[in-house]
Amino acid sequence: MTTRSVEVDGRTIEVPRWDKVLFPDDGLTKGDLVCYYQRIAPTMLPHVRGRLVSLQRFPNGIAEAGFFQKEAPDYFPDWMPRWSVYVHEDERHQPQVYLDTAATLVYLAAQATITPHVWLSRVPHITRPDRLIFDLDPPEGASFEVVRRAALDLRATLQQLDVPAFAMTTGSRGLHVVVPLQADAVFEETRALARAIAEHLARQFPERYTTALRREERRGRLFLDYLRNAYGQTTVAPYAVRARPGAPVATPLDWRDVQRPDMHAQRFTVRTIFRRLAQKPDPWREIDRRAVSVRSLHNALQRHGINPSPEDERR
DNA sequence: GCGGTTA
DNA sequence: TAACCGCAACGCTAT
DNA sequence: ATAGCG
Ligand SMILES: [Mn+2]
Ligand SMILES: [Mn+2]
């Protein structure tokens, strides 16, 4: 009927309901989504290859409820890469998909995966993250300007520590600030360091930032969210499409982009991202070459008197 | 989107 | 035969 | 114990 096949990496992938409109406001179809991921794959893959993925799927379009899916079902093709993952809550292992080639991205899009969310680590060392992330969203009622400022403040802090930092629009409300790591420590350690950095910045500007987990205690201040630095946690993949009107794309930025007063979380979309990439290459293309060891990060924090509180070092 | 379960 | 359903989960805090 | 939060 409306099923069409595409050829990717020498594989034939069936795309059911090729003409199904997934973004009603924009007229974007599943075919458009499939073509997007096929075209973005060369730029996107270096950032997501080997990462386990949580699928955010919308078979009936974004006007209907979607769902998340982590466990790889038996009906996914044999060639889709799977890794056995221990799930604490279930006290068992289960197969999950990790991203590998353009074909994996295209197959997931054909399954109406609008947004892949990825781990901070990669197969085979899934307990050792190669990313440290801060998630910055505007507090209730605040403008994006607050987020932009926070990202620049956080960058300044990291710069003082000689730690590389990269920024990305999330395509929804805020920004991610990302530090590339050499995957030489487990999540418990990286989360403690992220927390120490966040608490340091919140102490420096207590009227603007907070690390309080209790909502009520935040009182209009931006929450420096370090909590995603944990096993099994996912964040929106670089160059993923978001299930929102306009089909915004989570877009890696350079710091010049962040300095622009007109920057915002949904600045780039499926319809505009390739124009941007033609104008300037992927700002993150060197991110892995700049990875720092967690040991050096720890030492840099100590030199500056930024230490994990005793509570964080207990096991 | 699809497999499994229920009416 | 078709309608309906499920499909994620970590670490922490508050209750 | 369970529920809520990001
Ligand atoms: Mn489960
Ligand atoms: Mn966010």
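Residue numbers begin at 1 in each chain, while the letters A, B, ... track the order of the sequences.
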Derivation and outcome, ring pair (Phe, Tyr, Trp, His ring centres under 6.0 Å), residues A:Phe223 and A:Tyr209: CA-CA 6 Å; A:Phe223 176 54; A:Tyr209 307 126; over 10 Å; no

Neighbours of DNA chain B within residues 102-112 of chain A, by heavy-atom distance under 4.0 Å: A:Gln111, A:Ala112

Euclidean distance, atom [atom1] of residue [X] to atom [atom2] of [N] [Å, nearest integer]:
{"X": "A:Lys70", "N": "C:dA9", "atom1": "NZ", "atom2": "P", "value": "6 Å"}
{"X": "A:Glu89", "N": "C:dA8", "atom1": "CD", "atom2": "P", "value": "11 Å"}
{"X": "A:Gln96", "N": "C:dC7", "atom1": "CD", "atom2": "P", "value": "14 Å"}
{"X": "A:Phe134", "N": "D:dG6", "atom1": "CZ", "atom2": "C1'", "value": "15 Å"}
{"X": "A:Asp90", "N": "C:dA9", "atom1": "CG", "atom2": "P", "value": "6 Å"}
{"X": "A:Phe187", "N": "C:dA9", "atom1": "CZ", "atom2": "P", "value": "15 Å"}
{"X": "A:Asn229", "N": "C:dC12", "atom1": "CG", "atom2": "P", "value": "12 Å"}
{"X": "A:Leu52", "N": "C:dA9", "atom1": "CG", "atom2": "P", "value": "12 Å"}

Derivation of the ring pair (Phe, Tyr, Trp, His ring centres under 6.0 Å) call for A:Trp119 and A:Tyr231: CA-CA 8 Å; A:Trp119 286 41; A:Tyr231 177 91; 5.1 Å; yes

NA contact type, [X], heavy-atom cut-off 4.0 Å: base, sugar-phosphate, or nothing?
{"X": "A:Tyr231", "result": "sugar-phosphate"}
{"X": "A:Arg218", "result": "sugar-phosphate"}
{"X": "A:Arg57", "result": "base"}
{"X": "A:His117", "result": "nothing"}

Minimum side-chain heavy-atom gap A:Gln159-A:Val163 below 4.5 Å: no

Side-chain heavy-atom pair A:Phe67, A:Phe58 within 4.5 angstrom cut-off: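 A side-chain contact under 4.5 Å is absent here.
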
A:Ala230 vs A:Gly66, nearer the 5' end of DNA chain C by closest nucleotide: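 Taking each residue's closest nucleotide, the earlier one in sequence belongs to A:Gly66.
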
Nearest-0.5 Å distance, CZ of residue A:Arg148 to CG of residue A:Asp153: 11.0 Å

Sub-6.0 Å ring centroid separation between A:Phe166 and A:His176: no

Residue pairs fulfilling ring pair (Phe, Tyr, Trp, His ring centres under 6.0 Å) with at least one residue in residues 245-271 of chain A, sequence neighbours excluded: none

Inter-nucleotide P distance (C:dC7, D:dG6), Å rounded: 23 Å

Atom P, compared across C:dG11 and B:dG1: separation rounded to whole Å: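 About 34 Å, rounded to a whole number of Å.
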
By side chain to side chain contact (heavy atoms under 4.5 Å, CB included) - contacts of A:Val21 (at least two apart): A:Thr29

Contacts of type side chain to side chain contact (heavy atoms under 4.5 Å, CB included), residue A:Arg4, not counting sequence neighbours: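 Per chain and number, A:Arg4 pairs via side chain to side chain contact (heavy atoms under 4.5 Å, CB included) with A:Trp18.
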
Sub-3.5 Å pairs of nitrogen or oxygen atoms, protein against nucleotides 1-4 of chain D:
none

Minimum heavy-atom distance A:Val241-A:Ala247, with the two atoms named: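 Residues A:Val241 and A:Ala247, closest heavy atoms: CG1-CB, 4.1 Å.
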
Heavy-atom pair with the smallest gap, counting every atom of A:Pro245 and A:Gln266: O-OE1, 4.2 Å

Span of DNA chain B, from the first to the last nucleotide whose atoms fall under 4.0 Å of chain A heavy atoms: B:dG1 to B:dG3

Residue-phosphate contact under 4.0 Å: A:Arg214 side-chain N/O, C:dA14 OP1/OP2: yes

C:dC12 OP1/OP2 closer than 4.0 Å to side-chain N/O of A:Arg191: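 The answer is yes; a side-chain N or O of A:Arg191 sits under 4.0 Å from OP1 or OP2.
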
Salt bridge (Lys or Arg N to Asp or Glu O under 4.0 Å) assessment of A:Arg290 paired with A:Glu286: CA-CA 7 Å; A:Arg290 304 205 47 201; A:Glu286 306 251 288; over 6 Å; no

